[in-house]
K.L.:
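Can you keep this structure in mind? I'll have questions shortly.
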Amino acid sequence: MNAGEATAEMANGAPPRILGTSPRMTADGVAIHASNALLPDGWSKNVRVEIGPDGRIASVATGAAFVPGAVQVPVLLPALSNLHSHTFQRAMAGLTEARGPSQHDSFWTWREVMYRFLDVLTPDEIEAIAAFAFMEMQEAGFSAVAEFHYLHNRPGGARYDDPAELSERIAAAARATGIGLTLLPVHYAQGGVDGRPLAGGQMRFRNSLESFEKLAARMPDVIANLPADASWGIAPHSLRAVSRDDLRHLAPLAPERPLHMHIAEQEKELDETRAAFGARPVEWLLSEHDVSARWCLIHCTHMNPAETEGLARSGAVAGLCPVTEANLGDGIFDGARFLGARGSFGVGSDSNVRIAATEELRQLEYSQRLRDRLRVVLAPPGRSAGDVLYRGALAGGARALGRASGAIEPGMWADLVSLDLDAAGFAPLGGSAALDAWIFSAGNAAVSELWSAGRHRVKAGRHVAREAIAARYRACLTSVLERF
């Protein structure tokens with residue numbers, strides 16, 4: 001239905017369906033008219049979304065006539081939240097694909113290169129890299145990000161005068177790009193499950209329990225100059241980096257905020273946890289802690305069926321990073337069993353070796369197909385894979401960030417993304433077929449417009465500040481590579 005057909009329909013006594021406060025333009029004139037839009041109850045045509053000056057969705061009207069001045073888009077979706085990122089690793093992309101001297105290249109050999117790389121980074125460079133990565137996320141369809149931030153100290157482990165110096169740099173990058181930020185300072189206190197001391201590049205992560213609590217207490221100040229949708233949580237890094245006593249202390253530290261943690265990423269990690277704890281990582285965590293909907297467990301790559309189903313029952317979000325997990329050779333998440341048990345999941349770009357929301361979802365489905373030698377594994381009969389993946393990641397990502405987003409409805413943050421499949425060289429589809437075409441074929445090229453809490457940061461496929469952010473990043477990368 002086009003705008004003229006909608007007007008005719010109203011003339012015949014069928015007014016547009018309106019949800020929210022008002023059908024008129026908001027005070028700052030922000031309105032979007034979508035030919036097709038994904039609403040909580042399904043796909044609708046000729047949808048007008050009005051965004052209030054507070055960055056929240058003020059009203060939604062279906063079967064609506066075009067309002068002059070509105071942004072006209074073909075397909076409008078709630079935008080995804082990226083639930084796991086280490087932005088500094090974006091500058092490493094392409095630097096770790098040559099096989100090293102070890103007979104078996106692995107996550108553990110990759111990690112040594114990463115430690116060497118991070119040891120050359122200055123605060124200015126960390127900020128420039130983060131801004132570039134955040135910009136790419138928005139151009140890829142992510143409106144918000146949970147930054148799992150574990151760089152706290154100078155190279156060698158000495159403190160900055162301000163212990164939140166590098167947290168401030170992440171916040172500055174978010175401010176420059178306009179992305180929605182949930183900042184997750186990471187506690188990292190030991191070098192392995194056995195409690196060995198930190199060494200080398202890990203010293204930039206180091207905190208005692210006391211110094212981490214002081215850092216966490218600074219987070220309200222760190223995000224104070226960001227828009228109102230910014231938030232924070234806490235992140236005990238992993239069972240290998242945080243002692244049992246520290247985790248027991250940190251779990252209730254900020255009970256109304258997100259808690260993120262790496263878990264069960266590598267088989268070596270499983271072996272060490274069994275040796276030290278007498279249980280597998282997820283098995284131990286579920287038995288010893290009140291794992292609930294505020295928890296986001298990153299990777300969950302190696303779980304047995306009981307752990308998979310137990311995690312699903314807990315309400316925690318499985319934070320999946322399929323592109324990074326493939327790049328590092330982590331393994332394959334048991335998505336079919338987890339979704340069959342009604343588990344919640346979201347996706348993240350993790351190492352940022354490739355920033356593309358659709359590729360995370362596509363890799364998740366393709367990994368299941370390659371393992372099982374089947375097609376359309378994660379969708380039940382009659383559903384499309386793209387629809388199931390996207391809706392699931394919307395809900396799980398929003399929950400993991402503690403963010404009121406993931407749906408086009410009044411009161412939610414206006415985290416929105418528009419697709420132009422026609423301009424990207426694909427059939428101009430609507431409904432679930434548009435999701436399938438975007439996720440399995442078109443990718444980043446189809447992202448036309450993006451709003452983060454009402455901030456219109458991507459227009460015609462490019463971030464509004466791309467030129468300045470990219471120039472700063474190129475200068476930074478040139479300097480970093482000279483010292484790496």
Side-chain angles (χ1 to χ4, degrees), residues 79-97 113-114 117-151 165-184 204 222-223 225-227 230 321 323-324 327 347-360 417 443-445 447 449-452 455-484:
L80 292 171
S81 293
N82 181 342
L83 56 62
H84 191 66
S85 163
H86 312 295
T87 48
F88 78 90
Q89 292 177 17
R90 170 60 182 86
M92 288 175 56
L95 298 180
T96 62
E97 303 308 322
V113 179
M114 185 263 288
F117 182 82
L118 67 85
D119 244 0
V120 307
L121 299 178
T122 69
D124 282 347
E125 290 163 348
I126 289 165
E127 181 181 331
I129 296 166
F132 190 79
F134 288 161
M135 176 191 71
E136 287 191 310
M137 291 174 196
Q138 290 174 298
E139 290 182 344
F142 287 118
S143 60
V145 61
E147 179 65 9
F148 197 92
H149 175 60
Y150 53 26
L151 281 181
E165 167 73 26
L166 298 184
S167 297
E168 294 276 10
R169 297 308 185 112
I170 299 300
R175 187 162 54 249
T177 58
I179 200 167
L181 177 67
T182 295
L183 183 56
L184 302 169
R204 292 203 79 171
V222 169
I223 66 170
N225 291 324
L226 294 178
C321 308
V323 171
T324 294
N327 182 266
V347 295
S349 58
D350 195 356
S351 71
N352 297 300
V353 66
R354 170 69 176 146
I355 297 177
T358 56
E359 290 186 26
E360 300 295 347
V417 61
N444 290 357
V447 175
E449 315 291 318
L450 182 128
W451 291 261
S452 293
R455 299 179 292 274
H456 194 177
R457 306 313 292 163
V458 175
K459 299 182 180 182
R462 288 176 64 85
H463 194 280
V464 295
R466 167 168 268 282
E467 186 174 340
I469 291 170
R472 185 184 180 194
Y473 174 73
R474 283 193 297 270
C476 155
L477 193 57
T478 298
S479 176
V480 168
L481 293 178
E482 288 174 352
R483 292 176 278 122
F484 176 54

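Computed from a predicted model, the values in this text were never measured in an experiment.
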K.L.:
What closest approach, in Å, do Ile129 and Cys476 show between heavy atoms, and which atom pair accounts for it?
P.N.:
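It is CG1-SG, 3.8 Å.
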K.L.:
Quick one: pull up OG in Ser143 and CZ in Arg455 and give me the separation to the nearest 0.5 Å.
P.N.:
9.0 Å
K.L.:
If you take all heavy atoms of Ser452 and Gln138, which pair is closest and at what distance?
P.N.:
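Scanning both residues completely, I find the closest heavy atoms to be OG-NE2, 3.1 Å.
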K.L.:
Please assess Phe134 against Ile170 for the test side chain to side chain contact (heavy atoms under 4.5 Å, CB included), listing each intermediate value before the final yes or no.
P.N.:
CA-CA 10 Å; Phe134 288 161; Ile170 299 300; 4.0 Å; yes
K.L.:
Would you say the side chain of Leu83 lies within less than 4.5 Å of the side chain of Phe142, judging by non-hydrogen atoms?
P.N.:
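Counting from C-beta outward, Phe142 and Leu83 never come under 4.5 Å.
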K.L.:
Which pair of heavy atoms, one from Pro123 and one from Glu165, lies closest together, and at what distance?
P.N.:
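Closest approach of Pro123 to Glu165: CB-OE2, 3.8 Å.
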K.L.:
Does the side chain to side chain contact (heavy atoms under 4.5 Å, CB included) test come out yes or no for Leu481 and Leu95, once each step is laid out?
P.N.:
CA-CA 10 Å; Leu481 293 178; Leu95 298 180; 3.8 Å; yes
K.L.:
Could you tell me whether the side chain of Asn444 and the main chain of Glu136 form a donor-acceptor pair under 3.5 Å?
P.N.:
no
K.L.:
With heavy-atom distances below 4.5 Å as the criterion, would you say the side chains of Glu139 and Leu450 are in contact?
P.N.:
no
K.L.:
Consider only side-chain N and O atoms of Asn352 and Thr87, and report whether a donor and an acceptor are under 3.5 Å apart.
P.N.:
no
K.L.:
Could you give the distance from CD (Glu482) to CG (Leu477), rounded to the nearest 0.5 Å?
P.N.:
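Separation between the atoms: 10.0 Å.
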K.L.:
Which of these passes side chain to side chain donor-acceptor pair (under 3.5 Å) with His86: His84, Gln89, Arg90?
P.N.:
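Among His84, Gln89, Arg90, the one that satisfies the side chain to side chain donor-acceptor pair (under 3.5 Å) with His86 is His84.
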K.L.:
Measuring only between side-chain heavy atoms, which start at C-beta, is Val353 closer than 4.5 Å to Val323?
P.N.:
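The answer is yes; the side chains approach within 4.5 Å.
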K.L.:
Return the set of residues passing side-chain contact (heavy atoms from CB on, under 4.5 Å) with Ile223 (not counting sequence neighbours), or none when no residue passes.
P.N.:
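Listed in chain order: Leu226, Ala230, Trp232.
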K.L.:
Write down the atom of Glu449, the atom of Ala460, and the distance for their closest heavy-atom approach.
P.N.:
OE2-N, 2.9 Å
K.L.:
If you measure from SG on Cys321 to CG on Asn327, what distance do you get to the nearest 0.5 Å?
P.N.:
12.0 Å
K.L.:
What is the minimum heavy-atom distance between Ala356 and Ala140, and which atoms define it?
P.N.:
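Smallest heavy-atom distance, with atoms named: CA-CB, 3.9 Å.
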K.L.:
Rounded at 0.5 Å granularity, tell me how far CD in Glu127 sits from CG in Leu121.
P.N.:
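Output value for this atom pair is 13.0 Å.
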K.L.:
I need the Leu151 CG to Leu166 CG distance, nearest 0.5 Å.
P.N.:
6.5 Å
K.L.:
Just verifying a value: how many Å separate Asp124 CG and Arg169 CZ, rounded to the nearest 0.5 Å?
P.N.:
4.5 Å
K.L.:
Can you confirm whether Met114 sits close enough to Phe88 that some side-chain heavy atom of one is under 4.5 Å from a side-chain heavy atom of the other?
P.N.:
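Side-chain contact under 4.5 Å: yes.
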K.L.:
With the side chain counted from C-beta on, respond yes when His149 and Leu183 share a heavy-atom pair under 4.5 Å apart, and no when they do not.
P.N.:
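They are in side-chain contact.
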K.L.:
Are any of the side-chain heavy atoms of Met92 and Ser351 separated by less than 4.5 Å?
P.N.:
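They are not in side-chain contact.
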K.L.:
For residues 455-484, which residue pairs qualify under ring pair (Phe, Tyr, Trp, His ring centres under 6.0 Å), counting only residues two or more places apart or in two chains?
P.N.:
Phe117-Phe484, Phe132-Tyr473, Trp451-His456
K.L.:
Can you see which heavy atom on Val417 is nearest to which on Gly141, and at what distance?
P.N.:
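Closest heavy-atom pair between Val417 and Gly141: CG2-CA, 4.2 Å.
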K.L.:
Taking the side chain as C-beta and beyond, is there a heavy-atom pair between Val464 and Val458 under 4.5 Å?
P.N.:
no
K.L.:
Heavy atoms, side chains only, cut-off 4.5 Å: are Met135 and Ile179 in contact?
P.N.:
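No, every pair of side-chain atoms sits at 4.5 Å or beyond.
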K.L.:
In terms of side-chain heavy atoms, does Ser479 have a donor or acceptor partner in Arg483 at a distance below 3.5 Å?
P.N.:
yes
